[in-house]
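For reference, the structure is listed below as structure tokens.
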Amino acid sequence: MPVVKTVNDVVLFAVELVAWAAFGVWGWHVGAGPWRWVLAGILPLAVIGLWAVWAAPTSGNRLTDPALFAFQLGVFLIGAALLVLAERPVWGWVLGAVAMLVLVLDRTLADART
């Protein structure tokens with residue numbers, strides 16, 4: 001089980017990075033002129049900031065389940081939807097599916113340890 005947990009943690013971190021990037025991709029897609037750069041930069045930074053406060057493992061304000069699960073799933077699925085809206089539907093569907101799988105597996109593995 002420790003190997004499965006480690007692999008799942010790595011995939012979960014990759015999903016976080018892709019979800020954050022999805023906000024920037026959407027900002028770039030909908031923005032025009034200099035706003036394109038602003039949206040592509042600010043949106044991911046805002047999500048990263050919220051993540052750092054509410055979902056980072058070392059945060060003093062980290063949410064607990066079920067709120068943490070809902071927050072993580074929300075960020076991932078919004079990121080997936082934004083990729084679809086930015087005309088990258090395959091990436092969006094893959095992100096959504098993988099995110100749900102790794103989050104459920106993460107909670108399942110945590111329950112198996114207790």
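- Note that CZ of Phe23 is 12.5 Å distant from CG of Leu39, once rounded to the nearest 0.5 Å.
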Would Arg36 and Val30 count as a side-chain contact (heavy atoms from CB on, under 4.5 Å) if you check the C-alpha gap in whole Å, the side-chain angles of each, and the deciding distance to 0.1 Å? CA-CA 7 Å; Arg36 172 176 272 186; Val30 299; over 6 Å; no

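- Remark: side-chain polar atoms of Ser59 are not paired, donor with acceptor, to backbone N or O of Ala55 under 3.5 angstrom.
- Looking only at distances, no side-chain donor or acceptor of Asn61 sits under 3.5 Å from a matching main-chain atom of Trp54.
- For Arg62, there are no side chain to side chain donor-acceptor pair (under 3.5 Å) partners at least two apart in sequence or on another chain.
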Would Val102 and Gln72 satisfy side-chain contact (heavy atoms from CB on, under 4.5 Å), going step by step from the backbone distance to the final call? CA-CA 11 Å; Val102 296; Gln72 290 173 317; over 6 Å; no

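- Under a hydrophobic clustering in which Ile, Leu, Val, Met, Phe, Trp and Tyr are joined whenever their side-chain heavy atoms come within less than 4.5 Å, directly or via other members, Leu73 and Trp20 fall into the same cluster.
- Interatomic distance, CG of Leu95 versus CD1 of Ile78, reported as 11.5 Å (0.5 Å rounding).
- For the atom pair Ile42 CD1 and Trp35 CH2, the distance stands at 9.0 Å (nearest 0.5 Å).
- Note that CG of Leu105 is 4.0 Å distant from CG of Asn8, once rounded to the nearest 0.5 Å.
- Phe13 and Ile48 end up in the same hydrophobic cluster when Ile, Leu, Val, Met, Phe, Trp and Tyr side chains are linked at under 4.5 Å.
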For the pair Leu50 and Val47, evaluate side-chain contact (heavy atoms from CB on, under 4.5 Å) and give the outcome as yes or no after the intermediate values. CA-CA 5 Å; Leu50 292 173; Val47 175; 5.6 Å; no

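- One hydrophobic cluster holds both Leu63 and Val53 under the rule that ILVMFWY side chains link at heavy-atom gaps under 4.5 Å.
- Looking at every heavy atom in both residues, Ala56 comes nearest to Ala52 through CB-O, 3.5 Å.
- With rounding to the nearest 0.5 angstrom, the CZ atom of Phe76 is 9.0 Å from the CZ atom of Phe71.
- Tracing side-chain contacts under 4.5 Å through hydrophobic residues (I, L, V, M, F, W, Y), one reaches Leu77 starting from Val98; they form part of the same cluster.
- Gly92 and Ala80 get closest at one heavy-atom pair: O-CB, 3.2 Å.
- Residues Leu17 and Val15 fall within the same hydrophobic cluster, defined by Ile, Leu, Val, Met, Phe, Trp and Tyr side chains chained together at heavy-atom separations under 4.5 Å.
- Contact check for Val3 versus Thr6: no side-chain heavy atoms found under the 4.5 Å cut-off.
- For the atom pair Trp91 CH2 and Leu83 CG, the distance stands at 9.0 Å (nearest 0.5 Å).
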